[in-house]
Every structure is written in C-alpha cells, then in structure tokens.
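Working notes for the structure below.
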Amino acid sequence: MKLASWNVNSLKVRLPQLAAWVETAQPDVLGLQETKLEDEKFPLDQIRALGYHAVFSGQRTYNGVALLSKSPATDVVNELAPGFDPQRRVLAATVGDTRVVNFYVVNGQSVGSDKFAYKLSWLDAAHEFLRGELAKHPNVVVMGDFNIAPEDRDVHDPDAWREQVLCSTPEREALTRIRALGFHDSFREREAEGGHYSWWDYRMGAFRRNLGLRIDLIFVSDPMRARVKGAGIDRAVRREERPSDHAPVWTELDS
DNA sequence: ATGGTGGTGCGACCA
C-alpha cells in the first residue's frame with residue numbers, strides 16, 4: 001500500500017500536475033493540503049476520472065484538506081474536537097484496515113506571535129485527537145504538512161533556523177509528544193541522511209539552491225512500523241512549471 | 001535595504 005501527502009497550494013491551479021503525478025505515482029491514499037476550495041467547488045469529477053474516491057473539507061482562499069483513495073473512505077471526521085477550529089485543516093477516515101489522518105498544521109508565522117500560540121494549542125488538540133484515534137484503531141497513519149522540521153537534519157541551515165518558526169523547541173516538543181503516543185516517521189525508518197527536503201520557499205531561488213526543510217511527514221503507528229518498506233520525496237514535481245512550494249512525500253507499506 | 005515569490009482575488013492577507 002502506498003500512502004502520499006502533498007500540500008498543493010491551490011488544487012485548482014495544481015490539478016493538471018496532480019493528475020500527471022497520480023498517473024505515475026499511483027498512491028493508494030493521497031492526503032492533500034491547502035486546496036483553497038469550498039466543497040461546492042471541489043473537482044470531484046476530475047478526481048474520479050483519475051480513479052479515486054475523494055472526501056474533502058475546504059474553505060475559500062485558505063487551508064482546505066482532501067483525502068483521495070482508490071478504495072472508498074468511511075467514518076470521515078473533519079475536526080479535532082467539536083467546534084474547536086473553523087479552519088479546515090483536518091480529515092480523518094478509514095480506508096480498508098487503516099485509519100488515515102490528514103493534517104494541515106497551522107504555520108505559526110513567527111515564534112511568539114498570536115498565530116504561534118494558536119499553532120501550539122492546535123498541536124495540543126491534535127495530540128488529544130490522535131490519542132483517541134489510537135484507542136479506536138490499531139493501524140493509524142498521520143500524514144500532512146506539519147509545518148515543523150522534526151530535527152536539524154531536516155533543515156538546510158540549522159543555525160540560521162535555530163529557534164525560528166518551523167524549527168523551534170516548543171514546536172519540536174509538541175511533535176515529540178505526538179510521536180510518543182506511538183508514531184514513527186516513516187521517512188526516517190528508511191533514510192538517516194540529511195539533505196532531504198519537502199518544502200522550499202518560492203523566494204530567493206530557494207529550490208535551485210536546495211534551501212529547504214522537511215516539514216511534510218507521514219507517521220505510522222507502532223503495529224505498522226515493520227511494514228514500512230520504502231519512503232521518499234518526489235522533488236522533481238517542485239521543478240515543474242508553476243509548482244507548489246511543496247513536493248509530494250510518500251511511503252510504501254508491505255501488504 | 002525586513003528585500004525576494006506565489007495564490008487568492010482586486011487590496012491585503014497568508015505562507
């Protein structure tokens with residue numbers, strides 16, 4: 001089973017690239033973030049034509065998540081807790097014997113800002129949400145744009161990013177608490193080296209210079225850990241014309 | 001020089 005996550009930064013703009021990538025990559029499950037589309041405008045016909053079912057939770061201009069899957073998704077949930085957050089950042093659903101959680105984690109703008117406080121409280125709520133998911137399902141995958149680089153080896157210039165947003169200690173500790181529930185970074189099950197990134201700023205020729213961060217992550221729960229047989233980042237997609245600022249990340253599981 | 005790019009949607013805002 002192949003699982004993938006991609007922050008598309010506007011599904012409307014990226015639909016042709018999505019179609020091309022899905023055609024070759026053929027993920028069984030694909031979590032999208034920053035679709036930036038109201039549900040009435042979700043391109044369901046085009047997604048179905050690619051051979052996928054889709055569930056989605058969108059809003060205008062900002063945020064928005066979707067979950068594409070070759071087999072249908074059931075028991076769909078689109079918030080961390082009832083009424084917790086009007087922003088559409090969460091989609092959880094069951095696909096086969098796997099509970100899939102797709103997150104678009106709050107960016108946080110800058111350490112100490114109001115948005116940063118919102119990010120930390122959002123991550124607390126995500127922690128509680130995932131505790132509940134694990135209580136109900138043994139096989140849980142948590143994927144998405146976490147807007148956190150877990151470790152210095154996920155950062156092109158750790159000293160420049162030291163205690164900056166996306167890399168700060170409070171964010172990393174929040175992620176560590178989530179991981180301590182019993183999740184494993186599937187990419188790190190297969191690759192120990194640094195220099196692998198999933199996001200590059202549009203500005204300053206960051207992609208060309210490989211000034212990136214690995215902030216798009218796929219976690220698997222304890223019972224799934226030994227099944228991780230491959231993981232990667234399709235950075236070629238970032239090289240295309242009019243790309244998202246994120247590349248798709250994927251994990252392959254046995255059976 | 002707090003610059004630079006891109007998406008949304010037409011002026012900021014968010015990332």
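Owing to the predicted nature of the structure, the values given are computational and were not obtained by experimental measurement. Lettering follows sequence order; numbering is per chain, from 1.
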remark   = Note, DNA chain B 5' to 3' with Watson-Crick or G-U pairs under 3.5 Å encoded as ( ), [ ], | and . gives ....((((...))))

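- The ring-ring contact (aromatic ring centres under 6.0 Å, His included) check on A/H196 picks up A/F187, with sequence neighbours excluded.
- When the nearest nucleotides of DNA chain B are assigned to A/Q87 and A/Y202 by heavy-atom distance, the more 5′-ward of the two goes with A/Y202.
- Surrounding CD of A/E163 are more than 12 heavy atoms belonging to other residues, nucleotides or ligands, all under 6.0 Å away.
- Crowding of A/K41 atom NZ: a count of heavy atoms from other residues, nucleotides or ligands under 6.0 Å not exceeding 12.
- Ring orientation note: the planes of A/W199 and A/H246 are tilted relative to one another, at an angle of 30° to 60°.
- The nucleotide range of DNA chain B contacted by chain A, defined by atoms under 4.0 angstrom from heavy atoms of the protein and reported 5' to 3', is B/dG4 to B/dA15.
- We find that A/D245 and A/R203 are not joined by a salt bridge, their nearest charged nitrogen and carboxylate oxygen being 4.0 Å or further apart.
- Where A/D201 and A/N147 meet DNA chain B, the nucleotide closest to each residue was compared, and A/D201 sits on the side nearer the 5' end.
- With salt bridges taken as basic N to acidic carboxylate O contacts below 4.0 Å, none links A/D254 and A/R227.
- On the P atoms, B/dG6 is 26 Å away from B/dA1, given to the nearest whole Å.
- With both ends at atom P, the span from B/dG11 to B/dT2 equals 27 Å, rounded to whole Å.
- A gap of 13 Å separates the C1' atoms of B/dC14 and B/dG9, to the nearest Å.
- Here A/Y104 lies in heavy-atom contact (under 4.0 Å) with sugar-phosphate atoms only.
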task = Apply side chain to side chain donor-acceptor pair (under 3.5 Å) to the pair A/Q109 and A/K119, showing each step before the final yes or no.
result = CA-CA 9 Å; A/Q109 193 182 50; A/K119 181 178 197 172; over 6 Å; no

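- Using the six-membered ring where Trp is involved, A/W161 and A/H156 have ring planes that are perpendicular, over 60° apart on the 30 and 60° scheme.
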